[in-house]
> 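Can you keep this structure in mind? I'll have questions shortly.
Lettering of chains follows the sequences in order, A, B, ..., and the numbering in each one begins at 1. Just so you know, these numbers come straight off a predicted model, no measurement behind them. The basis for the numbers below is simple: all heavy atoms, side chains too, and nothing from hydrogens, waters or symmetry mates.
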Amino acid sequence: MVMTKPTIDQVWEWLDAVPDPEIPVISLVDLGIIRGVAWLNDMLEVTVTPTYSGCPATRIINLDIETALNDHGIKKVTLKRQLSPAWTTDWLSEKGKAKLENYGIAPPQTAGGPAQCPRCKSAQVEKISQFGSTPCKAQWRCTDCLEPFDYFKCI
Amino acid sequence: MTDPLQFLLRMGDNSLVLGHRVSEWCGVAPVLEEDIALANTALDLIGQTQLWLGLAAECEDKGRDADALAFRRDVWDFRNLLLVEQPNRDFGHTMMRQFLFDAWHSLVLAALKSSDNSEIAAIAEKSLKEVTYHLERSSDTVIALGDGTEESYMRMQASLDRLWPYVGEMFLTDEHDLIDVAALYPAFDELTNDVLGTATLSIPTDNFTHKGGKTGARHTEHLGHMIATMQFLPRAYPDAKW
């Protein structure tokens, strides 16, 4: 059977439908960790950069990418790890940031802390800890509605 | 050009040994937030270990991988600083050890970012982002506990007195070092004076230094016990799958 190669744009679209395993409201493309997609003859090479070096989700992410592309009929997939330039939250898509906020996770701000409480939108917030439930998050609290919330750390 | 293997083992073993030490707190830290922070710090360090020891294994080219280097070498083959193998003792002591290491680590990684070995530069660039967070937290905690209650002050000063003799080794440059670590001392001195001063702690004036960790000549007795625990599973059940 001769299969026509899906276009690179088509592959990006498929990858944009693969959810982040820890924060399923955003896609791997939203997260900014897919750094490149290219055909090497009949092999599709996907370049991925880790968020945090020890993040246990990395292995699941690689598996999810392969599975999704296999499901779309691409049988030969190779993943390339790229460390430099190191992942930065600047690569989060605007769409992804909006989804995070709706989900209850304050998106990263260059100022170093959340702009507002994702629930009540008050700007009166304080840091509980720089570390949270996953390596990419910190714990903050709203001093108006008193709810604790996750903040996606800016790195 | 210097063979980078020994230096890569030093970087990897530092993060491996400290990462394991810090992970010993998982589930037993004083409060939940600190437990999470310690576990996250340990996770970052173990992630960095995979990068450093992975590259070391490639350099060595003897068919070993990062896991083989971590789990199938014995004490005399480890090249970590003596500071990181010191036991946790109390929470304050753990955070003092973390602060002294983070201060050194951040300077070393910043210098390695401009290494002409692109793989080393990439690992340093990645790690530095994480270590910047570690340093911010350990500095804040050392200040809070040093300038805290009478009891916490006393414990932090005792930790500093106990750990200071392990600081000197971090700044002894030899032929295996890819950067001149001794040249980083003035920046370390400035940083530690600033943080420890704010923490109302006094830096010991005696500059006696223990050495032998990074060269592998003489580790302290604590490393063997730690490695025995860390390596038990893969040694008792070789090739066990998760």
Side-chain angles (χ1 to χ4, degrees), chain A residues 21-22 31-33 35-36 47-63 79-92 105 108-113 125-141 148-155, chain B residues 11-12 15-16 18-20 22-23 25-26 29 31-55 66 109 112-115 117-141 144 242:
Chain A
E22 292 279 2
L31 192 58
I33 58 168
R35 304 313 300 161
T47 306
V48 186
T49 191
T51 52
Y52 284 77
S53 58
C55 186
T58 308
R59 247 183 306 176
I60 310 294
I61 288 172
N62 289 348
L63 191 67
L79 297 175
K80 191 171 116 189
R81 183 185 73 185
Q82 180 179 297
L83 287 181
S84 179
W87 177 76
T88 159
T89 37
D90 295 348
W91 294 344
L92 243 82
I105 300 172
Q109 303 290 337
T110 39
V125 291
E126 64 180 15
K127 183 168 76 184
I128 300 173
S129 170
Q130 278 153 333
F131 296 89
S133 54
T134 66
C136 58
K137 286 180 281 181
Q139 299 172 75
W140 283 65
R141 170 168 44 215
F149 62 89
D150 279 330
Y151 166 59
F152 206 100
K153 291 198 283 224
C154 187
I155 70 164
Chain B
M11 293 305 291
S15 49
L16 172 63
L18 187 61
H20 188 84
V22 175
S23 80
W25 277 104
C26 187
V31 291
L32 182 62
E33 285 77 10
E34 293 307 329
D35 202 297
I36 292 172
L38 286 161
N40 267 290
T41 304
L43 188 65
D44 286 341
L45 289 168
I46 299 299
Q48 293 167 18
T49 304
Q50 286 175 330
L51 300 174
W52 290 121
L53 291 187
L55 189 55
L109 294 172
L112 287 174
K113 264 175 75 174
S114 38
S115 167
N117 179 322
S118 62
E119 289 175 292
I120 290 176
I123 299 175
E125 180 193 349
K126 181 82 204 152
S127 307
L128 184 58
K129 288 196 165 206
E130 298 163 359
V131 170
T132 304
Y133 265 99
H134 300 174
L135 178 62
E136 198 183 319
R137 169 171 173 274
S138 59
S139 303
D140 286 353
T141 314
W242 191 237

> Which pairs, with at least one residue in residues 34-46 of chain B and sequence neighbours excluded, count as a salt bridge (charged side-chain N to carboxylate O under 4.0 Å, His left out)?
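Found B:Glu34-B:Arg137.
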> Please report the closest heavy-atom contact between A:Ala86 and B:Glu125, naming both atoms and the distance.
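Residues A:Ala86 and B:Glu125, closest heavy atoms: N-OE2, 3.0 Å.
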> Of all heavy-atom pairs between B:Tyr133 and A:Gln130, which one has the smallest distance, and what is that distance?
O-OE1, 3.9 Å
> For the residue pair B:His134 and A:Phe131, what are the closest heavy atoms and their distance?
CD2-CZ, 4.1 Å
> Please state whether the side chain, the backbone, both or neither of A:Thr88 comes within less than 4.5 Å of a heavy atom of chain B.
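Contact with chain B involves both backbone and side-chain atoms of A:Thr88.
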> Below 4.5 Å, heavy atoms only, C-beta onward: do B:Leu43 and A:Pro135 meet side chain to side chain?
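Yes. Closest side-chain heavy atoms under 4.5 Å.
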> What's the spacing between A:Ser84 OG and B:Ile120 CD1 if we round to 0.5 Å?
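CD1 of B:Ile120 is found 13.5 Å from OG of A:Ser84.
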> Where on A:Cys154 is there a heavy atom nearer than 4.5 Å to chain B: the side chain, the backbone, both, or neither?
backbone
> Would you say B:Lys113 has more than 12 foreign heavy atoms packed within less than 6.0 Å of its NZ?
no
> Examine whether an atom of A:Lys137 lies under 4.5 Å from a heavy atom of chain B, and if so say whether it belongs to the side chain, the backbone or both; otherwise answer neither.
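For A:Lys137, there is no contact with chain B at all, as no heavy atom is under 4.5 Å.
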> Keeping the roles fixed (side chain from A:Gln139, backbone from B:Glu33), state whether a donor-acceptor pair exists under 3.5 Å.
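No.
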> Any sub-3.5 Å donor-acceptor pair from B:Lys126's side-chain atoms to A:Thr51's backbone N or O?
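Yes, the answer is positive, given that a donor and an acceptor are paired below the 3.5 Å cut-off.
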> Please name the pair of heavy atoms, one in B:Ile123 and one in A:Leu83, separated by the smallest distance, quoted to 0.1 Å.
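So the minimum-distance heavy-atom pair works out to CG1-CD1, 3.8 Å.
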